[in-house]
Amino acid sequence: YNYIRYMSTETINICIPVFNEERNLENLYKELSEYVSSLSKKHDINFEIIFFDDGSTDDSRRIIESFRNAKLLFNHENKGLGNAIKELMLYTKSSEAIGMFKIDGDGQMDIKDIEKFLENNRYKKYDVIYGNRFHKKSNYKMPLLRRFGSSFFKLLMRLFSIKTSDPTNGFIYLSKKYVENSKIIGNYNAAQQILLDAKLRNLKTDEVDINLNVRSSGESFIGIKYPIIVTSNLIALYVYKKTVRTLIAPGIISLLIGLLILIYDVYLWATGVKEQIITDQILILFIIFGAQLSITGFLIEIFKGRSD
């Protein structure tokens with residue numbers, strides 16, 4: 001059986017993306033399965049534990065297959081954390097679950113913090129809930145380079161009017177409402193995009209204080225390219241969601257400006273002021289630029305309509 005099941009009408013998926021975590025998986029599963037058994041009784045919620053093995057080259061997949069009360073999804077090749085999260089959201093969307101937790105497979109997260117998301121029915125009041133590692137009582141010491149990255153993303157999120165304490169955190173709860181119409185660009189990571197996606201859809205978000213354990217083995221995938229890729233994906237997501245504002249409207253304005261310049265050039269030519277109709281190169285730039293933006297925007301809108 002894949003469920004930690006009791007007589008309840010609600011199910012929440014606990015989703016764990018994995019890549020080469022063979023040394024951490026057995027302890028994580030043992031602790032998680034024992035804890036959610038008691039949590040199910042206390043909160044009258046069923047929990048389904050789902051691992052997504054993203055093409056691990058070690059024994060991670062074999063180890064997960066030995067777990068009695070866990071479901072395994074997998075890729076044959078590594079496609080990235082973002083892809084794994086999207087696959088887990090798709091699974092949750094098609095299941096009976098009312099939402100999903102996303103936690104990491106490295107054993108760093110304190111799984112007892114799951115209850116903080118459930119207290120006072122918080123998981124029913126908000127569509128997206130993020131863990132916060134930087135609360136006053138936290139002993140977590142983030143490496144300097146990663147702390148700089150976290151501060152960078154906090155500032156970047158503010159440009160989208162999103163206030164968050166820990167934008168790079170991976171301990172997340174997502175409601176069925178969020179999952180059903182989610183949009184994540186690319187396969188690299190999804191943490192910041194989830195926040196932006198929720199903001200653009202006017203969904204309710206919250207955060208809870210969490211604790212972090214010391215990683216016993218393995219290493220993080222985050223490197224110098226992380227902020228570059230994530231920032232470009234955020235921009236792409238914003239453009240995708242706000243196509244009219246970012247592409248179609250500017251494109252039409254550019255075309256109108258080009259048309260006005262063209263009319264003026266024709267007037268000057270007709271009155272004999274100029275010998276040629278088109279003498280201003282900026283006219284061509286406005287028309288080409290406007291046409292490209294508008295066509296791209298309309299194509300994206302058509303694609304979005306078909307996707308829906």
Side-chain angles (χ1 to χ4, degrees), residues 12 14-19 21 23-25 27-28 31-32 35-36 39 81-82 84-85 88 99-120 122-123 125-160 162-175 178 184 188-199 204-227 229-231 233-234:
I12 295 179
I14 299 178
C15 301
I16 310 163
V18 170
F19 179 68
E21 295 287 358
R23 296 181 182 179
N24 299 310
L25 287 171
N27 288 336
L28 172 62
E31 184 180 5
L32 182 60
Y35 178 67
V36 297
L39 202 62
L81 177 59
I85 293 173
L88 288 164
M100 60 174 274
F101 282 98
K102 179 269 170 185
I103 64 174
D104 293 341
D106 56 14
Q108 279 192 289
M109 294 173 177
D110 186 346
I111 56 96
K112 292 182 176 61
D113 284 334
I114 289 175
E115 187 163 19
K116 295 179 181 178
F117 293 76
L118 305 178
E119 289 174 345
N120 301 315
R122 178 179 270 115
Y123 70 103
K125 299 174 183 176
Y126 296 94
D127 300 298
V128 175
I129 309 174
Y130 264 55
N132 171 33
R133 297 167 289 183
F134 301 117
H135 53 94
K136 294 180 180 179
K137 296 181 180 180
S138 174
N139 295 319
Y140 176 58
K141 301 296 182 183
M142 179 179 275
L144 182 61
L145 186 60
R146 293 184 64 183
R147 194 172 186 89
F148 173 79
S150 179
S151 298
F152 167 77
F153 281 114
K154 276 197 280 189
L155 291 173
L156 183 61
M157 290 293 102
R158 284 183 176 272
L159 295 178
F160 297 107
I162 299 171
K163 186 177 181 181
T164 178
S165 302
D166 194 357
T168 59
N169 171 61
F171 203 148
I172 307 167
Y173 173 79
L174 303 173
S175 71
Y178 172 81
I184 303 298
Y188 189 70
N189 197 10
Q192 297 78 20
Q193 289 192 64
I194 289 171
L195 287 170
L196 178 57
D197 188 22
K199 174 69 176 180
K204 293 182 179 180
T205 62
D206 194 20
E207 59 182 42
V208 298
D209 294 343
I210 63 168
N211 301 302
L212 212 66
N213 302 316
V214 177
R215 177 190 276 268
S216 59
S217 64
E219 58 183 27
S220 172
F221 77 98
I222 294 176
I224 192 66
K225 65 180 181 180
Y226 183 88
I229 297 175
V230 172
T231 300
N233 285 342
L234 283 170

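Sequence positions, counted from 1, serve as the residue numbers for this chain.
Contact check for Val36 versus Ile14: side-chain heavy atoms found under the 4.5 Å cut-off. For the pair Val208/Ile129, a side-chain contact is recorded, criterion being any heavy-atom separation below 4.5 Å from C-beta on. Between Ile172 and Leu174 the shortest side-chain heavy-atom distance falls below 4.5 Å. Looking at heavy atoms from C-beta onward, Val230 lies out of side-chain contact with Thr168 at the 4.5 angstrom threshold. A heavy-atom distance below 4.5 Å is found between the side chains of Ile12 and Tyr123. Within the 4.5 Å cutoff, the side chain of Leu118 has heavy atoms near those of the Leu39 side chain.
Residue Ala198 comes nearest to Thr205 through the heavy atom pair CB-CG2, 3.9 Å, listed as atom of the first residue, atom of the second, then distance. Of all non-hydrogen atoms in Ile85 and Pro17, the two that sit nearest each other are CG1-CG, 4.3 Å. Between Met109 and Gly170 the shortest heavy-atom distance is CE-C, 3.4 Å. Scanning all heavy atoms of the two residues, the minimum distance from Ile16 to Leu88 falls at N-CD1, 4.2 Å. Of all non-hydrogen atoms in Leu195 and Ile162, the two that sit nearest each other are O-CD1, 3.7 Å. In terms of heavy-atom proximity, Met157 sits nearest to Pro167 at CG-CB, 4.2 Å.
With rounding to the nearest 0.5 Å, the separation of CG in Asn233 from CD1 in Ile184 is 9.5 Å. How far OH of Tyr188 is from NZ of Lys225: 5.0 Å, rounded to the nearest 0.5 Å. Here CG of Leu156 is found 12.5 Å from OG of Ser151. Values are rounded to the nearest 0.5 Å. Summarising the geometry, atom CZ belonging to Phe19 is positioned 9.5 Å from atom CD belonging to Glu21; distances are rounded to the nearest 0.5 Å. Note: Thr164 OG1 to Asn169 CG = 8.5 Å, rounded to the nearest 0.5 Å. Rounding to the nearest 0.5 angstrom, the gap separating the CD1 atom in Ile194 from the CG atom in Asp197 is 8.0 Å.
The side chain to side chain contact (heavy atoms under 4.5 Å, CB included) test applied to Asp113 returns Asp110, Lys116, Phe171, Ile210, Asn211, not counting sequence neighbours. With sequence neighbours excluded, the residues forming a salt bridge (Lys or Arg N to Asp or Glu O under 4.0 Å) with Asp166 are Arg133, listed by chain and number. Taking Ser165 as the reference, Glu207 meet the side-chain hydrogen bond (donor to acceptor under 3.5 Å, both in side chains) condition, with sequence neighbours excluded. Shown here are the ring-ring contact (aromatic ring centres under 6.0 Å, His included) partners of Phe153, two or more places apart in sequence or in another chain: Tyr226. The side chain to side chain contact (heavy atoms under 4.5 Å, CB included) search around Lys163 returns Arg158, not counting sequence neighbours. The side-chain hydrogen bond (donor to acceptor under 3.5 Å, both in side chains) test applied to Asp127 returns Ser175, not counting sequence neighbours. Among residues two or more places apart in sequence or in another chain, the side-chain hydrogen bond (donor to acceptor under 3.5 Å, both in side chains) test is passed with Arg122 by Asp206. Residues that satisfy the ring-ring contact (aromatic ring centres under 6.0 Å, His included) test with Phe134, not counting sequence neighbours, are absent from this structure. In this structure Tyr173 satisfies the ring-ring contact (aromatic ring centres under 6.0 Å, His included) test together with Phe101, sequence neighbours excluded. For Lys199, the salt bridge (Lys or Arg N to Asp or Glu O under 4.0 Å) criterion is met by no residue, not counting sequence neighbours. Partners of Ala191 according to the side chain to side chain contact (heavy atoms under 4.5 Å, CB included) rule, which considers only residues two or more places apart in sequence or in another chain, are Tyr130, Asn189. Glu31 pairs by the side chain to side chain contact (heavy atoms under 4.5 Å, CB included) definition with Ile111, Lys112, not counting sequence neighbours.
The number of heavy atoms from other shown groups lying within 6.0 Å of CZ (Phe148) does not exceed 12.
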Give the C-alpha distance, both sets of side-chain angles, the deciding distance and a yes or no for side-chain contact (heavy atoms from CB on, under 4.5 Å) between Lys204 and Val128.
CA-CA 7 Å; Lys204 293 182 179 180; Val128 175; over 6 Å; no

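Looking at Thr231, its side chain does come within 3.5 Å of a backbone N or O of Pro227 through a donor-acceptor pair.
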